[in-house]
**Student:** 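One structure is given below, represented as structure tokens, and several questions about it will come after.
Keep in mind the model is a prediction, meaning the values are calculated, not measured. Counting starts at 1 for both ligands and their atoms, in listed order.
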Amino acid sequence: MRLTILGCNGTYPTPGRPSSGYLIQTDLMTVWLDCGTGTFAALQEHIDPTSVDAIIISHEHVDHCVDVLPFSYARRYGHPDLPAVPVYAPASVFERFEALIGRKGSAVFDALDFHRVDRSTELEIGDLQVSFFPANHPVPTVAVRIATEQGSVVYTADTGVAEGMATWAEGADLLLAEASYLGAPQDKPWPHHLTASEAGQLAASTNAGRLVLTHLWPTNDADVATKEASEVFDGDVIAATPGMIIELQERHGTT
Ligand SMILES: [Zn+2]
């Protein structure tokens with residue numbers, strides 16, 4: 001299984017640095033996980049967009065979902081003979097799109113096949129097993145666990161400290177955790193995101209094989225985030241950067 005970072009900026013993109021978006025690939029499947037601002041263009045630096053087999057969106061905030069719109073236009077008008085692409089997301093994501101663009105005659109709803117997910121949903125997308133957990137965020141948001149025989153990736157999505165998430169994420173080979181803030185948890189400006197040290201604590205609690213920090217606030221120093229997470233998690237910690245590719249070879253084996 002391969003993880004590619006398309007974008008990892010928290011909240012807004014900056015030049016060359018899109019908002020949240022990732023590719024998960026196996027020999028059989030290509031899944032686009034979160035479609036944040038700027039990630040559709042970044043995706044095309046790695047793959048032909050017609051090879052996307054499925055899309056998973058964690059929540060309705062623009063920096064996680066909006067680039068599925070240009071993707072749908074490329075699909076609908078560039079390749080109208082191809083089937084609709086399944087999109088798995090909380091129901092509120094579809095309601096947001098419907099409010100924005102309507103449904104009748106919409107390329108979005110022609111090109112995409114929406115499926116609602118919640119914490120009880122378990123999916124098999126080709127050789128990927130996918131499950132979800134409710135994040136601690138002001139809108140319905142799902143953390144996502146994707147597993148194959150090569151290992152597992154857990155993506156926290158946007159979240160504050162969420163009761164039960166560590167148990168759910170236990171044993172993740174790679175924890176892709178948001179780290180919006182630096183400094184002491186009690187000083188963070190908003191409860192619905194994590195500090196780097198809280199991300200590190202989550203990695204420690206889950207016995208994660210490796211921690212990758214993402215959703216990094218654009219003006220924060222990623223090296224400081226890595227240092228703060230490393231102070232509470234003994235395993236390997238890196239900060240995501242756009243274009244980064246991580247291969248999961250086997251349990252607790254990444255390169
Ligand atoms: Zn959010």
**Student:** Checking one value in my table: which N/O/S atom of H59 lies closest to the Zn ion (ligand 1)?
**Tutor:** NE2
**Student:** Taking the Zn ion (ligand 1) as the reference point, name the nearest N/O/S atom of H61.
**Tutor:** ND1
**Student:** Could you list who else is in V139's hydrophobic cluster, with ILVMFWY side chains joined at under 4.5 Å, directly or through other members?
**Tutor:** none
**Student:** Are F114 and F109, when compared by the centres of their aromatic rings, separated by less than 6.0 Å?
**Tutor:** yes
**Student:** Suppose we only count N/O/S atoms under 2.8 Å; would H137 qualify as near the Zn ion (ligand 1)?
**Tutor:** yes
**Student:** Where does the angle between the aromatic ring planes of H137 and H192 fall among parallel (under 30°), tilted (30 to 60°) and perpendicular (over 60°)?
**Tutor:** perpendicular
**Student:** Please name the atom of D158, restricted to N, O or S, that is closest to the Zn ion (ligand 1).
**Tutor:** OD2
**Student:** For residues 116-136, which residue pairs qualify under ring pair (Phe, Tyr, Trp, His ring centres under 6.0 Å), counting only residues two or more places apart or in two chains?
**Tutor:** F133-W168
